[in-house]
*Asks:* 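Quick one: structure below, then a few questions.
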Protein chains: 2
Amino acid sequence: MEKQPYSLHNNIRLIRRGKADITQEKLADKVGCTRQTIAALEKGVYNPSLVLAMRIAKVLQVEIVDLFKLQKTN
Amino acid sequence: MEKQPYSLHNNIRLIRRGKADITQEKLADKVGCTRQTIAALEKGVYNPSLVLAMRIAKVLQVEIVDLFKLQKTN
DNA sequence: ACATAATGTAAGAAATACATTACATTAACA
DNA sequence: TGTTAATGTAATGTATTTCTTACATTATGT
């Protein structure tokens, strides 16, 4: 995988605080990862594994497509 | 992320050979990864990054949800 | 103002994705 | 049958994800 030409946007925070209304920690628990991982993802620090992304989508009850958007950067 | 309780199934090969009708190498080229990575994914060797999964789905013109399925193993 | 919950963030270790190189096996086809 | 294309697969290295631990900052509520 190339490093540059694709950036990933997500609205985890939006949905977590909106319809889900849970804390980072609670989300992390339900998903089975750490709070720091959730925080980093919300911040867009990295490109999660597919399984992690799917589990987050499931917990938040949204489609993965609605949670993450891929965009070309050039 | 835990190692055990979720396994990932995919039908990359099915779709690649079916409606897409391209080789592993061609798919890899279009996606921007190596042939070995495609081969490993088809074999289910690992859990791809979300971006890689999305790009494969895009090239194969399917929804990511139709390409990969998550299943609990216990 | 104080206590506690929620979040930000960073350093280092551990795990694992992905690339590279290389060679072997199988499929397709002249 | 021989040649090439397609695929299998392994070893090793690099990059990146994720966890762990830890502490700081900000929000919330009394």
Side-chain angles (χ1 to χ4, degrees), chain A residues 1-60 64-65 67-74, chain B residues 1-60 64-65 67-74:
Chain A
M1 286 290 293
E2 300 133 50
K3 339 86 207 65
Q4 318 291 13
Y6 286 87
S7 79
L8 194 60
H9 167 269
N10 75 79
N11 29 45
I12 297 176
R13 170 162 307 207
L14 201 69
I15 295 170
R16 176 177 64 78
R17 285 186 164 161
K19 71 170 239 197
D21 192 31
I22 52 178
T23 71
Q24 288 182 345
E25 190 152 35
K26 184 84 183 173
L27 175 56
D29 282 355
K30 288 188 170 187
V31 164
C33 71
T34 64
R35 179 179 67 79
Q36 284 78 351
T37 295
I38 298 294
L41 286 178
E42 288 188 352
K43 216 182 149 197
V45 170
Y46 47 58
N47 169 16
S49 71
L50 177 60
V51 169
L52 179 58
M54 286 174 126
R55 293 180 65 182
I56 294 173
K58 180 158 225 172
V59 170
L60 294 180
I64 202 171
V65 176
L67 196 51
F68 296 92
K69 309 260 187 229
L70 193 58
Q71 40 210 351
K72 273 199 169 128
T73 57
N74 48 10
Chain B
M1 286 291 292
E2 298 132 52
K3 338 91 210 59
Q4 318 288 17
Y6 286 87
S7 79
L8 194 60
H9 168 267
N10 75 78
N11 29 46
I12 296 176
R13 169 163 307 206
L14 201 69
I15 296 170
R16 175 178 64 79
R17 285 186 165 161
K19 71 171 238 198
D21 192 31
I22 53 178
T23 70
Q24 288 182 343
E25 189 152 35
K26 185 83 183 174
L27 175 57
D29 283 354
K30 289 189 170 187
V31 164
C33 71
T34 64
R35 178 179 67 80
Q36 284 76 354
T37 294
I38 298 294
L41 285 178
E42 288 188 352
K43 217 183 149 198
V45 169
Y46 48 58
N47 169 17
S49 70
L50 178 60
V51 169
L52 179 58
M54 286 174 127
R55 293 180 66 183
I56 294 172
K58 180 158 226 172
V59 170
L60 293 180
I64 202 172
V65 176
L67 197 51
F68 295 93
K69 309 260 187 227
L70 193 57
Q71 40 210 352
K72 273 199 169 130
T73 56
N74 47 8

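Below, chains carry the letters A, B, ... as their sequence lines are ordered, and counting in each starts from 1. Since the structure is predicted, the reported quantities are computational estimates derived from the model, not experimental observations.
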*Asks:* For Glu42(A) and Gln24(A), which I'm curious about, is there any donor-acceptor pair between the side chains at under 3.5 Å?
*Replies:*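 The answer is yes; a qualifying pair exists.
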*Asks:* Should Ser49(A) be listed as having a side-chain N or O under 4.0 Å from OP1 or OP2 of dA17(C)?
*Replies:*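 Indeed not, no polar side-chain atom of Ser49(A) lies that close.
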*Asks:* Take the protein atom CD1 of Ile38(B) and the nucleotide atom P of dA19(C), then report the distance between them rounded to whole Å.
*Replies:*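 So the CD1-P distance, Ile38(B) to dA19(C), works out to 9 Å.
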*Asks:* What's the spacing between Leu8(A) CG and Leu67(A) CG if we round to 0.5 Å?
*Replies:*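 If I round to the nearest 0.5 Å, the distance is 9.5 Å.
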*Asks:* State whether Gln24(B) places a side-chain N or O below 4.0 Å from either non-bridging phosphate oxygen (OP1 or OP2) of dG8(D).
*Replies:*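 Yes, such a contact exists.
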*Asks:* Whole angstrom is fine here: how far is it from CG in Asp21(B) over to P in dA28(C)?
*Replies:*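 Going from CG in Asp21(B) over to P in dA28(C) covers 12 Å.
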*Asks:* Counting side-chain heavy atoms from C-beta on, which of dG8(D), dT9(C), dC19(D) comes nearest to Lys43(A)?
*Replies:*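 That would be dT9(C).
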*Asks:* Side chain of Arg17(B) only, please: which of dT7(C), dC18(C), dT7(D) is the nearest?
*Replies:*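 The listed nucleotide nearest to Arg17(B)'s side chain is dT7(D).
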*Asks:* From OH of Tyr46(B) over to P of dT16(D), roughly how many Å is that when rounded to an integer?
*Replies:*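 In whole Å, dT16(D) P lies 15 Å from Tyr46(B) OH.
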*Asks:* Can you find a pair of side-chain heavy atoms, one from Val65(B) and one from Met54(A), that are under 4.5 Å apart?
*Replies:*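 Sidechains of Met54(A) and Val65(B): no contact.
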*Asks:* Atom CD of Gln36(A) and atom C1' of dT9(C): how far apart are they, to the nearest Å?
*Replies:*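 Answer to the nearest Å: 9 Å.
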*Asks:* At what distance, to the nearest 0.5 angstrom, does CG of Leu52(A) lie from CG of Leu50(B)?
*Replies:*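 CG of Leu50(B) is found 9.0 Å from CG of Leu52(A).
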*Asks:* Could you state the CZ-P distance from Arg35(B) to dT25(C), rounded to the nearest angstrom?
*Replies:*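 These atoms are roughly 15 Å apart.
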*Asks:* As a test of reading the structure: which of dC19(D), dA6(D), dT17(D) is closest to the side chain of Thr23(B), going by heavy atoms?
*Replies:*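 Among the listed nucleotides, the one closest to the side chain of Thr23(B) is dA6(D).
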*Asks:* Taking the side chain of Thr34(B) as its heavy atoms from C-beta onward, which of dA19(C), dC23(C), dT7(C) lies nearest to it?
*Replies:*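 In terms of side-chain proximity for Thr34(B), the closest of dA19(C), dC23(C), dT7(C) is dA19(C).
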*Asks:* How close or far is atom P of dT20(C) from atom CD of Glu25(B), stated in whole angstroms?
*Replies:*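 It is 13 Å, rounded to the nearest whole Å.
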*Asks:* Looking at Arg16(A), I'd like to know whether one of its side-chain N or O atoms comes within less than 4.0 Å of OP1 or OP2 on dT7(C).
*Replies:*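 Answer is yes, contact under 4.0 Å.
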*Asks:* Would you kindly give the CG-to-P distance between Leu27(B) and dA5(D), to the nearest whole Å?
*Replies:*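 Nearest whole value for this atom pair: 19 Å.
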*Asks:* In whole angstrom, give the distance that lies between atom CZ of Arg55(A) and atom P of dT17(D).
*Replies:*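 Going from CZ in Arg55(A) over to P in dT17(D) covers 18 Å.
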*Asks:* Could you check which of dG8(D), dT18(D), dA17(C) has an atom nearest any side-chain atom of Arg13(B)?
*Replies:*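 In terms of side-chain proximity for Arg13(B), the closest of dG8(D), dT18(D), dA17(C) is dG8(D).
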*Asks:* To the nearest 0.5 Å, how far apart are CD1 in Ile56(B) and CD1 in Ile38(B)?
*Replies:*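 It comes to 4.0 Å.
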